[in-house]
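No hydrogens, no waters, no symmetry mates; every other heavy atom, side chains included, goes into these values. Since this is a predicted model, take the numbers as computed values, not measurements.
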Amino acid sequence: MKVPLVAFSCLVFACLPLASDADPRAASTRKMAALLSRIYSEQDWKTDPSKAAERVAYYRRLLTLPLPREKECQARLDLSEHLLVAGESAAAAVELEKLLALPNVADAPHLLLREAEEMLAMAYLRAGEQQNCLTNHNAESCVYPLRGGGVHSDKNGAAAAVAQYTKILQRDPGDLGSRWLLNIAYMALGQHPSGVPAKWLIPATVLPDEYDIGAFTDVAASAGVDVNGHAGGSVAEDFDGDGLFDLVVSSSGPRDPLHYFHNNGDGTFSDQTLAAGLEGITGGLNVIHADYNNDGYPDLLVLRGGWWGAHGNYPPSLLRNNGPNPAGQITFTDVTEEAGLLSPHPTQTAAWADFDGDGWLDLYLAHESTRDDPAPSALYRNNHDGTFTDIAANAGVAAMGFVKGVAWGDYNNDGRPDLYLSRKGLPNVLLRNDGPDAAHGWKFTDVTAAAGVGEPIHSFATWFFDYDNDGWPDLLVAGYYTETLADIPAFHLGLPNKAETPRLYRNNRDGTFRDVTKAVGLNRVILAMGAGFGDLDNDGWPDCYFGTGAPEYQTLLPNRMFRNAEGKGFQDVTTSGRFGQLQKGHAISFADFDRDGNQDVFEVLGGAFPGDTYRSTLLHNPGHTNRWLGLKLEGRQSNRSAVGARVRVDVAGPSGRRSIYQTVGYGSSFGDSPLELHVGVGDATAVEKIGIRWPAGETQVIAGIAAGRTYRIQEGSQPVPLSVKLFRFRQGSEDHHH
């Protein structure tokens, strides 16, 4: 169900009248909103991936005309496909039933009939999901393995899917993709494994439960953040300085609104999007944040057009956080044009870092460049006045191809952030930051081959983190490729497959890395889109969460969570933690939203197709006995939010002495967590000292810190304890109207 793309020319801003007194938006924000609306309206409905409804109307009109039988079959199949893409699953099933009931349909081409039968099975299953997991949503909806509230109450869709997939498998017993979906349909009926014919059974144990992390509970509905949207981005951060983590959620549909949710400190969030001046700031497959102007308030960057080719020529939006007004309400202003970032090319990934060490954050903005639609990536150097200058071409980091992930990290511990790019269909690239250069202004050297980090060839989200706490940043790259969707059940069943796996590269401390993916147990087929890391149980070892899927509805794959077992291996805790959401997983943010000392997990769910929406989840951490420490760093000579600061926490306890390492702001290339560090310290009874290597180059050592508290540490000053408000989420999925 792929929609062809055509070329599309870039657009420029139109002049608009100033905002009225009743409109909280700045004139530049209204200008961007109008531009985004116009770009969408001028896209060709015949090829724009987001305009399936218009294509449905076309094929309905076409089928009112007398057509030769073969053309009628093809037109009805096309109509059914676009109905399914548009979200009209039940209507798609009706049209496919009509198609398969046509006289002499058996004379139609074999591939057409096969596609119709498979599409009908998917239409039944998708209709059941929409009725049970969306309309009658609860906290257990679509969580693998389906049980409890995840079992469908309206069984019509799943039952019809079982019958249709059974028919397909009777004809082709080796169809592993249909076999996987048959098992999902039986789960939806509450008849797995007992009702599944033995020859087609895929046991739920193909996802091994390797450690009991404790069941996390989805509280998104009661908290008021269960956004029903498409694939998108998320940022968890304290945007107004009240000590509580708020949420910003984007959705990739070109007319989907951006949401700003304020944390009320009572288990609920308020949608303050309109009051924050964000009406009309639509779309965004990803959103990241940083304090680019050093005013103490985190700003936003919305990234648009990813995967859409020539239809993705939408600009990003740099949204300046203006801080609280006299009423205590924060507002944002779109300053994209003013800042010099108006770059209308498809992208979904970018990352902030002070690459030149001048105390101001710079930006690498990656584009999805192809031969037919070239779009060089940009390295925007901060001019210290609210504007940026693109130096990518001179620095040799512009022509980078189809980039899917961006990560900054100081892999060689020389104090300069280096740049890693995850690319589609090309070897990935590690660019060592070599500093000022007389000829080019700044020099980056491609050290990929020497470092040994070019794979996987098909990859997505990526990040640097110190998974083994040895003081040297390691590198994770999520794999993203299957030859067919059958590769995934084939992997779980121990059968040959061509699916891509992640790579975990351990830093050898000499400029090279070693691939330890197999040694630590991450050589698994995951098909990760969104991804992120945090510390689920406060043991001081970073855990990894992968949001799974692909645009096709058939990619009903559980999200995967892996616990880091003391840097020696990763344990699959998907089942015990109830993390295995089957709907498409995207941006992931780890944050202690209720300030109880345990990180919760927010995830944006939903697919690329117009009809593939789902509700975001907020998974509340059940709590663990280990201790923690919060560190909110503030630069003076360094950038204000201390992005790039390297932190070492030395602790002692029953398990002995050890050091825990984290870096501010260098998270995943898909989904943003707070810049405030959450440091699990395990069973430590004492925090002996903290060492901070600030981005400006100075090292600061601090003693007298106690676990179980959050501290603000200004560069060069002593820590100050912060008072944060603890509250409790309401458990369950009761609705919260906001």
Query raised in the report: What distance do Q329 atom CD and N322 atom CG have between them, rounded to the nearest 0.5 Å?
Result: 11.0 Å
Query raised in the report: Q272 versus F261: any side-chain heavy-atom pair under 4.5 Å?
Result: no
Query raised in the report: Looking at G309 and P346, what are the two nearest heavy atoms and their distance?
Result: O-CG, 3.6 Å
Query raised in the report: Is the closest side-chain donor-acceptor distance between D612 and H230 under 3.5 Å?
Result: no
Requested in this report: For S616 and D226, test the side chains for any donor-to-acceptor distance below 3.5 angstrom and give the result as yes or no.
Outcome: no
Report task. Report yes or no: does N382 contribute a side-chain atom to a donor-acceptor pair with the main-chain N or O of D362 at less than 3.5 Å? Result -> no
Report summary line: Closest heavy-atom pair, N394 versus H440, reported as atoms and distance to 0.1 Å, is O-CB, 3.2 Å
Query raised in the report: Any chance CD of E54 has more than 12 other-residue heavy atoms, nucleotides or ligands included, within less than 6.0 Å?
Result: yes
Report task. Look only at the side chain of N263 and the backbone of F245, and say whether a donor-acceptor pair between them is shorter than 3.5 Å. Result -> yes
Query raised in the report: For the side chain of S317 and the backbone of V302, is there at least one donor-acceptor N/O pair under 3.5 Å apart?
Result: no
Query raised in the report: Any side-chain heavy atom of Y545 within less than 4.5 Å of one from S668?
Result: no
Report task. Verify salt bridge (Lys or Arg N to Asp or Glu O under 4.0 Å) between E42 and K51, making sure each step is shown before the conclusion. Result -> CA-CA 11 Å; E42 294 183 1; K51 294 186 175 179; over 6 Å; no
Requested in this report: Please round to the nearest 0.5 Å and tell me the distance separating atom OH of Y260 and atom CG of L319.
Outcome: 13.0 Å
**Report entry** Flag for S589-S234: side-chain donor and acceptor within less than 3.5 Å
**Finding:** yes
Query raised in the report: Is any side-chain heavy atom of F332 less than 4.5 Å from a side-chain heavy atom of R25?
Result: no
Requested in this report: Check the angle between the aromatic planes of F460 and W307 and answer parallel, tilted or perpendicular using the 30° and 60° thresholds.
Outcome: perpendicular
Query raised in the report: Is R304 paired with E368 through a side-chain N to carboxylate O contact shorter than 4.0 Å?
Result: no
Query - Donor-acceptor side-chain pairing of H678 and Q599 below 3.5 angstrom - result: no
Report task. Quick one: do V227 and V604 satisfy side-chain contact (heavy atoms from CB on, under 4.5 Å)? Show the steps, please. Result -> CA-CA 8 Å; V227 178; V604 176; over 6 Å; no
Query raised in the report: Does any N or O in the side chain of N428 come within less than 3.5 Å of the main-chain N or O of Y420, such that one atom is a donor and the other an acceptor?
Result: no
Query raised in the report: Which heavy atom of A375 sits nearest a heavy atom of S369, and at what distance?
Result: N-OG, 2.9 Å
Query - Donor-acceptor contact present, side-chain N228 to main-chain Y614, <3.5 Å - result: yes
**Report entry** Least distance between heavy atoms, L36 atom then G280 atom
**Finding:** CD1-O, 3.8 Å
Query raised in the report: Minimum heavy-atom separation for A461 to S669, with atom names?
Result: CA-OG, 3.2 Å
Report task. Could you go through the side chain to side chain donor-acceptor pair (under 3.5 Å) check for S28 and D334 one step at a time? Result -> CA-CA 6 Å; S28 57; D334 192 306; 5.7 Å; no
Report task. Describe, in one word, how the ring planes of W360 and H384 are oriented to each other, choosing from parallel (under 30°), tilted (30 to 60°) and perpendicular (over 60°). Result -> parallel
Report summary line: Of all heavy-atom pairs linking I288 and A350, the shortest is CD1-O, 3.4 Å
**Report entry** Side chain K584, main chain A550, donor-acceptor under 3.5 Å
**Finding:** yes
Query raised in the report: At what distance, to the nearest 0.5 angstrom, does CG of L244 lie from CG of D266?
Result: 9.5 Å
Query - Basic-acidic side-chain contact under 4.0 Å: R640, D295 - result: no
Query raised in the report: Side chains of S459 and S422: is there a donor and an acceptor less than 3.5 Å apart?
Result: yes
Requested in this report: With the side chain counted from C-beta on, respond yes when P674 and D238 share a heavy-atom pair under 4.5 Å apart, and no when they do not.
Outcome: no
Query raised in the report: Which is it for H458 and Y480 under the ring-ring contact (aromatic ring centres under 6.0 Å, His included) test, yes or no, and what are the steps along the way?
Result: CA-CA 5 Å; H458 294 281; Y480 193 73; 9.0 Å; no
Query raised in the report: Are the side chain of S251 and the backbone N or O of D256 linked by a donor-acceptor pair below 3.5 Å?
Result: no
Report task. Drop me the distance from L285's CG to M529's CE, to the nearest 0.5 angstrom. Result -> 9.0 Å
Query - Side chain to side chain, T29 and I281, heavy atoms closer than 4.5 Å - result: yes
**Report entry** is_close_aromatic(W463, Y666), centroid dist under 6.0 Å
**Finding:** no
Report task. Taking the six-membered ring for Trp and the single ring otherwise, decide whether the centroids of F465 and F533 are under 6.0 Å apart. Result -> yes
Query raised in the report: Hey, is the main chain of F402 close enough, under 3.5 Å, to the side chain of H367 for a donor-acceptor pair?
Result: no
Query raised in the report: Should F464 and W408 be marked as a ring-ring contact (aromatic ring centres under 6.0 Å, His included) after you check the CA-CA gap, both sets of side-chain angles, and the distance that decides it?
Result: CA-CA 7 Å; F464 287 96; W408 291 98; 9.7 Å; no
Requested in this report: Output yes when a side-chain donor or acceptor of E237 lies under 3.5 Å from a complementary backbone atom of L675, and no otherwise.
Outcome: yes
Query - Straight-line distance of N433 CG to W442 CH2, nearest 0.5 Å - result: 6.0 Å
**Report entry** Distance in Å, R646 CZ paired with D410 CG, rounded so as to fall on 0.5 Å steps
**Finding:** 5.5 Å
Report task. Determine the sole option in D390, D356, T389 for which the side chain to side chain donor-acceptor pair (under 3.5 Å) test with R381 is passed. Result -> D356
Report task. Test the K404-F670 pair against the cation-pi criterion, namely NZ or CZ under 6.0 angstrom from the six-membered ring centroid and within 45° of the ring axis. Result -> no
Requested in this report: For R595 and K725, run side-chain contact (heavy atoms from CB on, under 4.5 Å): C-alpha distance rounded to whole Å, both residues' side-chain angles, the deciding distance at 0.1 Å, then the answer.
Outcome: CA-CA 7 Å; R595 289 294 196 177; K725 181 179 180 180; over 6 Å; no
Requested in this report: Take L365 and L341 through the test side-chain contact (heavy atoms from CB on, under 4.5 Å) and record every step on the way to the result.
Outcome: CA-CA 9 Å; L365 179 66; L341 302 183; 5.8 Å; no
Report task. Look at the aromatic rings of W352 and Y292 and report parallel, tilted or perpendicular, splitting at 30° and 60°. Result -> parallel
Query raised in the report: Do S641 and D291 meet the criterion of a side-chain donor-acceptor pair at a distance under 3.5 Å?
Result: no
Query - Worked check of side-chain contact (heavy atoms from CB on, under 4.5 Å) between L619 and D600 - result: CA-CA 6 Å; L619 300 175; D600 312 300; over 6 Å; no
**Report entry** H259 and F269 aromatic centres sub-6.0 Å
**Finding:** no
Report task. Output yes when E337 and K31 qualify as a salt bridge under the 4.0 Å nitrogen-oxygen rule, no when they do not. Result -> yes
Query raised in the report: So, D372 and T370: side-chain donor and acceptor under 3.5 Å apart, yes or no?
Result: no
Query raised in the report: Under the ring-ring contact (aromatic ring centres under 6.0 Å, His included) criterion, do Y553 and F609 qualify, and how do the steps go?
Result: CA-CA 9 Å; Y553 285 122; F609 293 153; 5.4 Å; yes
**Report entry** Any side-chain heavy-atom pair of M32 and L342 under 4.5 Å
**Finding:** yes
Requested in this report: Please check if the side chain of D672 supplies one atom and the backbone of H289 the other of a donor-acceptor pair under 3.5 Å.
Outcome: yes
